[in-house]
Asks: 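Quick one: the structure is below, questions incoming.
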2 protein chains.
Amino acid sequence: MREPLPADMFDELCPSSLNPIRFGDKWAALIIRCLEHGPRRFSELRVPLSRVTPKVLTQSLRSLERDGLVRRTVYAEATPHVEYELTPLGRSMLQPIVVACAWTEKHWDELLGARESYDQATRLDHAG
Amino acid sequence: MREPLPADMFDELCPSSLNPIRFGDKWAALIIRCLEHGPRRFSELRVPLSRVTPKVLTQSLRSLERDGLVRRTVYAEATPHVEYELTPLGRSMLQPIVVACAWTEKHWDELLGARESYDQATRLDHAG
DNA sequence: CTGTATCCCATCTGATACTG
DNA sequence: CAGTATCAGATGGGATACAG
């Protein structure tokens with residue numbers, strides 16, 4: 001039995017919307033990291049990605065499948081289900097993702113600080 | 001006198017629209033690489049980025065400036081001009097960018113092949 | 001030279017409800 | 001369980017023209 005994915009796997013502030021580094025669409029990198037340790041079912045992915053609607057999650061998975069990064073397998077058994085897993089190509093993408101995430105993590109404060117300063121200066125500009 | 005940037009610096013097929021790895025907006029990574037070897041003027045950047053309209057180029061530069069990745073300097077001399085250059089933070093981003101670009105370059109064919117196969121299979125699906 | 005102003009369209013993302 | 005359908009909003013990007 002594999003480990004369930006934790007619901008708090010991703011910080012609410014972490015999604016790619018604030019992260020300047022993006023791999024494909026908004027959730028692609030997070031999905032790939034969810035698949036790092038083996039195949040996952042759709043419902044499993046929904047746990048850590050609870051803020052993603054099923055429609056968007058499907059979209060994103062299809063896009064990853066299209067790029068050959070993820071393989072989708074349907075099991076038409078008594079309890080039918082679907083599993084997603086990384087292809088070798090998808091797995092190879094973990095390296096640049098990890099490097100990028102490490103950069104972001106390391107410079108997160110610097111980044112937020114810069115934005116704050118810039119926005120404040122801009123506001124003052126527009127006011128005065 | 002610094003080297004002018006070549007007009008064919010970027011392949012038409014290369015822009016981030018096809019590249020699944022993105023750093024910020026569509027042109028951010030390309031801009032950062034344009035600034036790798038020193039400051040550049042707006043008009044200089046327009047040469048290799050000829051497919052980017054001035055409005056969008058400005059937008060993207062502002063966004064990079066906001067994130068503290070690029071510094072903008074105005075020279076109000078007889079011939080006024082503006083120079084953009086990487087901050088240390090921006091320079092540090094070169095590493096993840098280079099890693100990501102290396103990945104994309106290495107797996108480009110694989111990626112395009114996967115898309116083609118997927119699209120073809122999808123078309124057949126919808127036809128038959 | 002270094003941008004801005006408008007207008008517009010495409011894409012992405014999301015909310016909500018529904019289905020084989 | 002694993003999605004799809006529909007509608008809507010936000011955002012990004014681009015064309016074109018103009019300005020300090």
Asks: How long is the span from the CD atom in E85(A) to the CZ atom in R91(A), to the nearest 0.5 Å?
Replies: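 If I round to the nearest 0.5 Å, the distance is 9.0 Å.
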Asks: I need the NE2-C1' distance between H81(A) and dA2(D), as an integer number of Å.
Replies: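 Atom NE2 in H81(A) sits about 12 Å away from atom C1' in dA2(D).
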Asks: Let's see if you get this right: which residues in residues 52-62 of chain A place a heavy atom under 4.0 Å from DNA chain D?
Replies: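 The stretch gives P54(A), K55(A), T58(A), R62(A) as the residues lying under 4.0 Å from the strand, ordered by number.
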Asks: Shortest non-hydrogen contact from L89(A) to L69(A)?
Replies: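 It is CG-CD2, 3.8 Å.
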Asks: Side-chain donor-acceptor contacts of residues 95-107 of chain B below 3.5 Å, not counting sequence neighbours, with atom names and distances?
Replies:
{"residue": "W103(B)", "atom": "NE1", "partner": "S92(A)", "partner atom": "O", "Å": "3.3"}
{"residue": "W103(B)", "atom": "NE1", "partner": "S92(A)", "partner atom": "OG", "Å": "2.8"}
{"residue": "T104(B)", "atom": "OG1", "partner": "N19(B)", "partner atom": "OD1", "Å": "3.2"}
{"residue": "T104(B)", "atom": "OG1", "partner": "A100(B)", "partner atom": "O", "Å": "3.1"}
{"residue": "H107(B)", "atom": "ND1", "partner": "E110(B)", "partner atom": "OE1", "Å": "3.2"}

Asks: Distance check, rounded to the nearest 0.5 Å: R46(B) atom CZ versus R51(B) atom CZ?
Replies: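 The distance works out to 12.5 Å.
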Asks: What residues form a ring-ring contact (aromatic ring centres under 6.0 Å, His included) with H37(B), not counting sequence neighbours?
Replies: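 Per chain and number, H37(B) pairs via ring-ring contact (aromatic ring centres under 6.0 Å, His included) with no residue.
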Asks: If you compare all heavy atoms of L45(B) against all heavy atoms of R40(B), which two are closest, and at what distance to 0.1 Å?
Replies: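 So the minimum-distance heavy-atom pair works out to CD2-CB, 3.8 Å.
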Asks: Do the ring planes of Y84(A) and F42(A) sit parallel (below 30°), tilted (30 to 60°) or perpendicular (above 60°)?
Replies: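 Rings of Y84(A) and F42(A): tilted, 30 to 60°.
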Asks: First and last nucleotide of DNA chain C in contact with chain B, 5' to 3', at under 4.0 Å to a heavy atom: what are they?
Replies: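 So the outermost contacting nucleotides come out as dC1(C) to dC7(C).
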Asks: Using the C1' atoms of the five pairs at each end, what is the angle between the end axes of the helix from dC1(C)-dG20(D) to dG20(C)-dC1(D), to 10°?
Replies: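 Here the local axes at opposite ends form an angle of 60°.
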Asks: Taking only N and O in the side chain of R22(B), is any of them less than 4.0 Å away from OP1 or OP2 of dG13(D)?
Replies: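 Checking dG13(D) against R22(B), a side-chain N or O does come within under 4.0 Å of OP1 or OP2.
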Asks: For K26(B) and R22(B), which heavy atoms make the closest approach, and how far apart are they?
Replies: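 Reported closest heavy-atom pair: N-NH2, 2.9 Å.
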Asks: Show me, pair by pair, the donor-acceptor contacts under 3.5 angstrom made by side chains of residues 53-64 of chain A, not counting sequence neighbours?
Replies:
{"residue": "T53(A)", "atom": "OG1", "partner": "V56(A)", "partner atom": "N", "Å": "3.4"}
{"residue": "T58(A)", "atom": "OG1", "partner": "P54(A)", "partner atom": "O", "Å": "2.9"}
{"residue": "S60(A)", "atom": "OG", "partner": "D25(A)", "partner atom": "OD1", "Å": "2.8"}
{"residue": "S60(A)", "atom": "OG", "partner": "D25(A)", "partner atom": "OD2", "Å": "2.9"}

Asks: Compare side-chain N and O positions of Y84(A) against OP1 and OP2 of dG3(D) and report whether any pair is under 4.0 Å apart.
Replies: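 Yes.
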Asks: If you compare all heavy atoms of A76(A) against all heavy atoms of P80(A), which two are closest, and at what distance to 0.1 Å?
Replies: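 Residues A76(A) and P80(A), closest heavy atoms: CA-CB, 4.5 Å.
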